[in-house]
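Presented below is the structure to which this report refers.
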Amino acid sequence: DAGVIQSPRHEVTEMGQEVTLRCKPISGHDYLFWYRQTMMRGLELLIYFNNNVPIDDSGMPEDRFSAKMPNASFSTLKIQPSEPRDSAVYFCASSPDRGAQHFGDGTRLSIL
Amino acid sequence: AQTVTQSQPEMSVQEAETVTLSCTYDTSESDYYLFWYKQPPSRQMILVIRQEAYKQQNATENRFSVNFQKAAKSFSLKISDSQLGDAAMYFCAYRQGNTGKLIFGQGTTLQVKP
């Protein structure tokens with residue numbers, strides 16, 4: 001079985017540019033999660049979806065961040081405009097109802 | 001609000017020895033799940049073991065086992081016969097039964113000495 005697939009693996013871009021991170025969850029999983037990991041703040045939950053519907057976006061830092069899940073097999077996390085403090089590793093994870101979360105390999109984002 | 005605490009930022013163990021990583025949590029819920037994840041330098045988040053709160057029996061996965069003390073709200077991970085490949089950051093995580101949300105501890109970095 002394919003796991004959670006994230007793209008790109010690495011992204012380097014300049015401040016002010018739009019960044020789009022992509023995620024394909026495991027087929028059949030009802031939940032999808034976006035996390036951000038930094039040395040200072042550890043793992044932070046940004047937003048999660050249940051059956052494609054956003055349930056809790058209280059972790060989204062500010063209006064520059066947005067996430068969508070147009071269908072059960074695809075989600076995006078967008079940052080516009082990007083800032084150097086957004087540099088981090090962004091993880092997508094999916095899980096079945098009441099199951100363990102399975103993580104993608106993450107996207108290392110660097111904003112110059 | 002639920003919280004998860006890992007009080008050991010770093011631990012080390014000799015290869016082939018046993019090590020225990022600590023985790024405590026705070027909740028008023030009765031239905032929940034607990035997990036340990038491993039994050040090696042490759043940065044992948046790998047599920048190590050899970051425990052359902054309603055199960056009294058401690059979960060075991062090969063060399064990994066947990067000591068789940070529900071009343072004490074403690075969930076420690078024991079790694080037996082430690083191997084060099086066990087070196088990683090280990091995260092304890094809590095999930096409420098009725099939501100998908102995971103709450104992570106701060107992590108414990110495990111060093112395995114040859």
Side-chain angles (χ1 to χ4, degrees), chain A residues 1 3-6 8-10 23 25-26 28-60 69 75 87-110, chain B residues 1-10 21 23 25 29-55 59-61 64 66 68 75 77 88-109:
Chain A
D1 278 344
V4 175
I5 300 171
Q6 288 187 247
R9 187 105 163 107
H10 305 277
C23 176
I26 293 172
H29 282 191
D30 299 327
Y31 288 88
L32 183 139
F33 307 83
W34 283 102
Y35 293 90
R36 178 171 68 176
Q37 186 178 33
T38 61
M39 289 292 291
M40 292 296 293
R41 301 175 67 95
L43 265 167
E44 302 174 274
L45 176 65
L46 300 177
I47 185 171
Y48 79 94
F49 296 82
N50 181 213
N51 293 319
N52 313 339
V53 176
I55 302 300
D56 184 350
D57 65 355
S58 59
M60 296 286 262
M69 191 165 186
S75 177
S87 298
V89 178
Y90 289 81
F91 286 101
C92 176
S94 70
S95 76
D97 187 27
R98 294 178 172 265
Q101 291 185 20
H102 297 264
F103 285 74
D105 288 342
T107 294
R108 182 176 294 280
L109 178 63
S110 298
Chain B
Q2 293 84 11
T3 58
V4 177
T5 303
Q6 294 177 249
S7 58
Q8 307 152 316
E10 295 179 356
L21 308 184
C23 174
Y25 58 95
E29 306 288 330
S30 58
D31 179 22
Y32 56 88
Y33 303 79
L34 296 163
F35 305 89
W36 279 97
Y37 283 88
K38 168 185 176 181
Q39 188 176 38
S42 65
R43 86 166 181 243
Q44 290 175 298
M45 288 287 286
I46 302 165
L47 176 66
V48 175
I49 199 164
R50 63 175 285 174
Q51 174 82 43
E52 291 86 347
Y54 64 86
K55 289 187 178 178
T60 299
E61 287 287 341
F64 298 87
V66 298
F68 174 46
F75 182 61
L77 175 70
M89 176 86 86
Y90 286 81
F91 291 96
C92 177
Y94 167 101
R95 176 179 178 174
Q96 272 182 280
N98 61 350
T99 78
K101 195 172 175 178
L102 271 184
I103 299 166
F104 285 91
Q106 307 92 318
T108 297
T109 299

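Reminder, nothing fancy here: chain letters follow the sequence lines and each chain counts from 1.
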Heavy-atom proximity to chain B below 4.5 Å, by part of [X]:
X	result
A/Asp105	both
A/Arg41	neither
A/Glu44	neither
A/Asp30	neither

Heavy-atom pairs under 4.5 Å with chain A, option from B/Lys101, B/Gln106, B/Glu52 with the top count: B/Lys101

How long is the span from the [atom1] atom in [X] to the [atom2] atom in [Y], to the nearest 0.5 Å?
X	Y	atom1	atom2	result
B/Tyr33	A/Ser95	OH	OG	10.5 Å
B/Gln39	A/Leu43	CD	CG	6.5 Å
A/Gln37	B/Phe91	CD	CZ	5.0 Å

To check you understand the geometry: which heavy-atom pair defines the closest contact between A/Gln101 and B/Tyr37, and what is its length? O-OH, 2.6 Å

Shortest non-hydrogen separation from A/Phe91 to B/Arg43 and the atoms involved: CZ-O, 3.2 Å

Against chain A, label B/Leu102 side chain, backbone, both or neither, depending on which of its atoms sit under 4.5 Å from a heavy atom there. both

Report yes or no: is the cationic atom of B/Arg95 (NZ for Lys, CZ for Arg) under 6.0 Å from the centre of the six-membered ring of A/Tyr48, at an angle within 45° of the ring normal? no

Could you tell me whether A/Arg108 atom CZ has more than 12 heavy atoms of other residues or ligands within 6.0 Å of it? no

